[in-house]
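Just follow the structure's listing: the first ligand is 1, and inside any ligand the first atom is 1. Computed over heavy atoms, backbone and side chain alike; hydrogens, waters and symmetry mates excluded. This one's a predicted model, so the numbers in the text were calculated from it and none came from an experiment.
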Amino acid sequence: MAFELPPLPYSQRALEPYVSADTLSFHYDRHHAGYVANLNRLTAGTQWEGAELDAAAQGAEGPIFNNAAQIWNHTFYWRSMSPDGGGSPSGGLREAIAAAFGSIDEFRRKFADAAVGLFGSGWTWLVADDNGLDIMQTANADLPLRHGRRALLVVDVWEHAYYLDYQNARAAYVEAFLDHLVNWEFAAQNFAAR
Ligand code: MN3
């Protein structure tokens, strides 16, 4: 079966004013959909035709890896945000974050610093592995799956994620993500899925 573009989990206006419909339209309809079209074109007639997306994002190289991973990353990023997002985590995830980072506020500061400080294009993740929770930065299309780590949450810090709304002010975008958009319920589901 061909690789498919998963539906957005909300309308393109749902994250306004923090992420505009204009940004979501470009980001989903052009960037995300473009990766899907590229991957289907690139994999035709190769060992990756009809593969599971996870397998291609984990094991492929070059352009096939880049496009498979970017599909995975964007699907995860949409779910890392919610029109009802923001606030702070609860339950077991809250305790694990406090244990790993000192406090929720300290996590927030470290996550924002990592996202703002990532040079160039990439992603900032909250991840889990055998050692507990950590903040991970990946460049370009790279993702935790390829490093044996489990993603709980991600923010896209490629310029196309925020430039229409925030221009070069990546810090303002990251702050809006943490204050108004971050989907702690999704992170808690991923945390509980161990
Ligand atoms: Mn993107």
Looking at D105 and R109, does any basic side-chain N land under 4.0 Å from a carboxylate oxygen? no

Under 2.8 Å: N/O/S of H74 next to the Mn ion (ligand 1): yes

Check all N, O or S atoms of D156 and name the one closest to the Mn ion (ligand 1). OD2

I'd like to know if the side chain of W158 pairs up with that of H31 as donor and acceptor (distance under 3.5 Å, no hydrogens or angles considered). no

Of all N/O/S atoms in H27, the name of the one nearest the Mn ion (ligand 1): NE2

On a heavy-atom basis, which atom in I135 and which in A114 lie closest, and how many Å separate them? CG2-CB, 3.8 Å

Looking at the Mn ion (ligand 1), is there an N, O or S atom belonging to H32 that lies under 2.8 Å away from it? no

N168 versus Y162: any side-chain heavy-atom pair under 4.5 Å? no

